[in-house]
Amino acid sequence: MTHVSRRVFLAGAAAVVSAASPRAADPGDRIRKLVMLSAPQSNDPQEFQAAQLLAQAWRQLGLEIEVRPLPRPQLADIVWNQRDKWDMSMWRMVGRPERSDPDELVYSLFHSSTANGGYDFVTYINKDYDRAAESERQEIDPRKRQVFMYQAQDIIDRDQPYIFLVFPKNTFAYSSKVWKPESMVEQSGIGIRCFWTFVRAEPASAQKDMIVNAAEPLVALNPLYIGGAVDSWMTELVWDRLMRVGPDGLPVPWSASRAEWTDATTLDLALRPGQTWHDGEKVTIDDVLFSLQAPANGNFSPMYKPFVANIAEVTATGEDTVRIKLKTPNAGFLTASLAKLNLVPKHIWGPLMDSQMAKGQSAEQYQEPKPIGSGPFRMVSFNLQDQVVLEANEKHWAAPKMARWILRVVTNNDAALGMLQRGEINFLTDYRGDPKVLVDMAKQDAAIQVVSTTDMGFRFLAPNGRRPPFNDPTFRRALSSATNRQMLAAAAWNGFAIPANSMVAPSLTFWAKPGINDLKVDMGEAKKLLTDAGYTVVDGHLHYPPGVKETLTGS
Amino acid sequence: MPPAETVALAAPRGLAWRRLPSLAIVKPYATVGIAIYLVFALIALFAGRIAPYDPLEILFAPDGQLAASLPPSAQHLLGTTNLGRDIFSQLVLGARPSLAVGITAAIGVASIGTIVGLLSGYFGGLIDTILMRLADVVVGIPFLPFVIVLAVLLHPSLTNIVLSVALLLWPNAARVIRSQVLTLRQRQFVEAARMSAASELRILLIHVAPNVLPLSFLYASIAVGWAILTEASVSFLGFGSADTISWGYMLQDAYASQALSRGQYIWFVPPGICIVLVVLAGFLVSRGYEELLFPKLKD
Amino acid sequence: MTHVLRRLVLMLLVLWAIASILFLMFRLMPGDPTTAYIDPTFTAEQRQVVLHQFGLDLPLWRQYAIYIGNLLHGELGLSFRYRAPVAGLILNVLPNTLLLTLTALVIAYIFGALGGALLAMKRGTWVEAVTIPLVLATRAAPEFWLGMLLLAVFAFAFGWFPSGGAVTAGAAFPSALARVTSADFAHHLVLPAATLAIYLQGLPLLLMRANMLEVMQEEFITMARMKGFGEWSIMLRHAARNALLPLVTAFALGFGASVGGNVVVETVFSWPGIGRMLVDAVASSDYPLAQGAFLLIAAVLVVMNAVADMLYGVLDPRVAHAAG
């Protein structure tokens, strides 16, 4: 319908109808066919299944929905780089220890400053929310900060910029014949595959080597570059950090013996004495300064640069003390930055930085033949495609109880299961198959312990706020009401997930607002929301409220 | 892999293709092949009626639970997948894309091969050199890797698989047809046509082309099997069309969903057998046809 | 000699053409090829740096010149994903592919030659009537499906063979040679090689049979018969030897085609070969790696095609060198 003809038509209709029925405004444009992007079934069966189920449910509202699977790289390209060219997309945020402080998710995902090119790819813009997020970020007192966190979650619950689906569970398994169950540590929101298990696990027998698996090859072993999922949980064993995220999700001093805020932007740290690099050199305050400054140097470490961006100045205040001045107050700094940045030996990476930068290259293009850190494990040998062998650093102040830590790259899920059964691995640390198959297998072997932990990451449907009808919060709330999260958790994630309605996972007990995830499906409520807002169903098709024309800028 | 069924460069006897209908009676292999084709064609045609469910519909048990990994039963003849889809319905509807890909690719290969062969053989000279060097290049392109890369670069769809099969498999047909045209050119009836000052195009279309058509049919029948196998392989590798249920897609799904370690044979054996039957039918028909064209091979 | 020379020149031309086609294909693709490897939080300036590192900010013709120049030096560029030279990554896995292919081909051709000769002797019997459709069926079966069947039975049900990989993950070997000659490697090789061999044996078998039938009608066989040689002796000493020659050519062609055709078998068995590397690279948008793997597979194919052509001329003097 062209604009002119429509207006003429409307005028005529109004003249005839208005006397008889004052309410009978014509419905707005019919809502176009909406395209739901998703990873393909081959790449992510759960996500694809969830997309199909969502589409099945939402069609009952009178929407026409096509589920369109795209390979992940193409999906990422469209969603991130062509922000006005898509309707909605399945998406996920992964859990990482440094996200134990919810700031990164609360601030970056929805603060309007990140809408252009940043993390707010759904283009959610709300001044009230911005204020809540800014307050949360700057408030150092946890009690007061909690209030702002709750506020932020309430606003998100009301506006539904994401249709949250589930917090999936991470499932790992180990042999209790080899590792004492009480020594395996379940980190909140992460699971038993965590740093704490690796340093604390106690052998139950003569087998003192922990043999773990990875489902994909490593990309790099580099303190200044993480190339893939496996890299990130490997590097934290070899390289120490000033802080670590504890099993309860709170930051604890690690290579630093203490960390104290003297005011909102000044942090004083003391270095734990007696630490050495794996090559025998002493860990000095110079190394600490280097580790905090090097990522800021040009494009030397693009990956870590954002995490030092808020540092105004770092100065040594003594033999083993350092002071960090921040540009703006940041309550999550200890977790998000200091528990993420690796301590890097200056005597190795200092010269490397100069030579790489001179070549116009970054830290990413350099792979140390024998990586040197100061962490609780020492590198023995590695082949990125195949395996990594570490040994316990017995000189470390928190030396592990195992002798060696061996990672085997096994890309086939079934093969990895078989290896666990035969004892070729004794800790299944990367399993991407159907958790049920694993649980069934464990039932036949009493020694195999399976531990599932609710992840702090979540799965969601991202509605594109740049395009109608998703720019209407009521419409999004209706979609949310028509979403059966319990059913999704059961039918798409096989029961290995719990319903979600917040970016703050329930595992972050202090920050998650109690009860926020208890959203029940209510198709009647969904339809009522739409009707009340003026949406109408004509011949089974949902139309916009009266007078609303559909205009797309992007396509 | 290029088709291995090589053909001797002997001239076919007359207009052998006219005897195509008699093929079924003469050659028992071909009879079997044609019968298999007919059965699958019927299945494809009536797939919508035969299949009890939408192949992509997510099924729930009466108690509201996902109907996942059910064993075969009266409701689900071959059981269900781990994500609650009816396997039998997928198998039945899988006949459609497989046959569609096979037939369209066959037409594509035969058309390109025939046109290139005719032009190259009849006109010779620069045209011939260019086309035959092009054929050399195409023969040097690894088949399956090319199809995969093209599927990803363009967009995973059946059309693109057909396109890449047609783009890569024509050289064999073109080369054989070219040499056939070379001998035809020397024949008296072509010479006679020339003498009567018929236009080149007319000679090519009226006098030469009909005589190479039997060869075109032969290469078309060979291409059917290759196209179906290719579609299955590409789907299995995860680069297939995502919204089409094909047998290759089913096998990929079964493999990725750990049907092997569950021992769910009923999921991954039937689609494989279907592929084998359809491709085998193509081989049988082309073999019988080949023997009809080149009786010398008949031992 | 000029024939060989001409063939070599043609081979180089074909290689250059394929390299150019490949370059265009990857450059003309929609979207930004580096998206998958650039953190979404990067600024425009940081993106530019990454693009520059991979030379993607240059005009197309400059990129092409650099690409061809690098190829001449055996340089295949940097992998997006691994940030490491593509050539090294490929050379790492190439031996696995070559060993798998050669093992399967040798088994397939020995079996095919024997089977084909035998079948020629059984011409017209019920053995032939049953065997030929069976052999055709092995060629009609998708390789990956054969592999799945073997896996389901011999790896999952019986547990006789491992379900994937080239060696037990994490096994250490003193050298690369020790690795590929170990019992462990052989154990892992059985199922993939068997799958491939079952698929490949059909061609040599049918070819051998046809050759045998043809050779047996020739004069020198009739001569031998008249001289009173036994039927077996005629078969083996005279007919088979002559019928084998075309198989040598087919072997060369088969080798060239298999290196690329292995893609699916390598995927089913998680065999760390070049085919699987190609599939992984394509799936994860690592275009330099995909391009490099593709080029190497194409190079093997083109070289083997040329070798087969030349062998054909050498082995069968009836082929006039001027032809084709």
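Here the structure is a predicted model, which is why all the values come from computation and not from measurement. Residue numbering restarts at 1 for every chain, and letters A, B, ... go by the order of the sequence lines. Note: hydrogens, waters and symmetry copies are ignored here, and every other heavy atom, side chains too, is used.
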Sort out for me which residue in C/Val259, C/Leu295, C/Ile297 forms a side-chain contact (heavy atoms from CB on, under 4.5 Å) with B/Pro142. C/Ile297

One option among C/Val268, C/Thr138, C/Leu278 has the most heavy-atom pairs under 4.5 Å with chain B, and it is C/Val268

N/O donor to acceptor pairs below 3.5 angstrom from side-chain atoms of residues 9-26 of chain C, sequence neighbours left out:
{"residue": "C/Trp16", "atom": "NE1", "partner": "C/Tyr64", "partner atom": "OH", "Å": "3.2"}
{"residue": "C/Ser20", "atom": "OG", "partner": "C/Trp16", "partner atom": "O", "Å": "2.9"}
{"residue": "C/Ser20", "atom": "OG", "partner": "C/Tyr64", "partner atom": "OH", "Å": "2.7"}

Sort C/Ala283 into side chain, backbone, both or neither according to what part of it lies under 4.5 angstrom from a heavy atom of chain B. both

Chain B heavy atoms under 4.5 Å from C/Ala290: which part of the residue, side chain, backbone, both or neither? neither

Rounded to the nearest 0.5 Å, how far apart are [atom1] of [X] and [atom2] of [Y]?
{"X": "C/Glu266", "Y": "B/Leu237", "atom1": "CD", "atom2": "CG", "value": "11.0 Å"}
{"X": "C/Thr267", "Y": "B/Gln252", "atom1": "OG1", "atom2": "CD", "value": "11.0 Å"}
{"X": "C/Phe156", "Y": "B/Tyr265", "atom1": "CZ", "atom2": "OH", "value": "9.5 Å"}

Not counting sequence neighbours, which residues clear salt bridge (Lys or Arg N to Asp or Glu O under 4.0 Å) with B/Asp128? List them please. B/Arg178

Check whether any side-chain heavy atom of [X] lies under 4.5 Å from a side-chain heavy atom of [Y], and answer yes or no.
{"X": "B/Phe239", "Y": "C/Val279", "result": "yes"}
{"X": "C/Arg139", "Y": "B/Val279", "result": "no"}
{"X": "B/Ile275", "Y": "C/Trp145", "result": "no"}

Please give me the minimum heavy-atom distance between [X] and [Y], naming the atom from each residue.
{"X": "B/Leu229", "Y": "C/Ala140", "value": "CD2-O, 3.3 Å"}
{"X": "C/Pro142", "Y": "B/Val276", "value": "CD-CG2, 4.3 Å"}
{"X": "C/Leu149", "Y": "B/Phe268", "value": "CD2-CE1, 4.0 Å"}

Check whether [X] gets within reach of chain C through its side chain, its backbone, both or neither, counting any heavy atom under 4.5 Å.
{"X": "B/Leu251", "answer": "both"}
{"X": "B/Val269", "answer": "both"}
{"X": "B/Ile273", "answer": "both"}

Examine distances only and state if a side-chain atom of B/Tyr255 and a backbone atom of C/Met148 form a donor-acceptor pair shorter than 3.5 Å. no

Determine the option with the most heavy-atom pairs under 4.5 angstrom with chain C, choosing from B/Val234, B/Leu277, B/Ile228, B/Ile141. B/Ile141

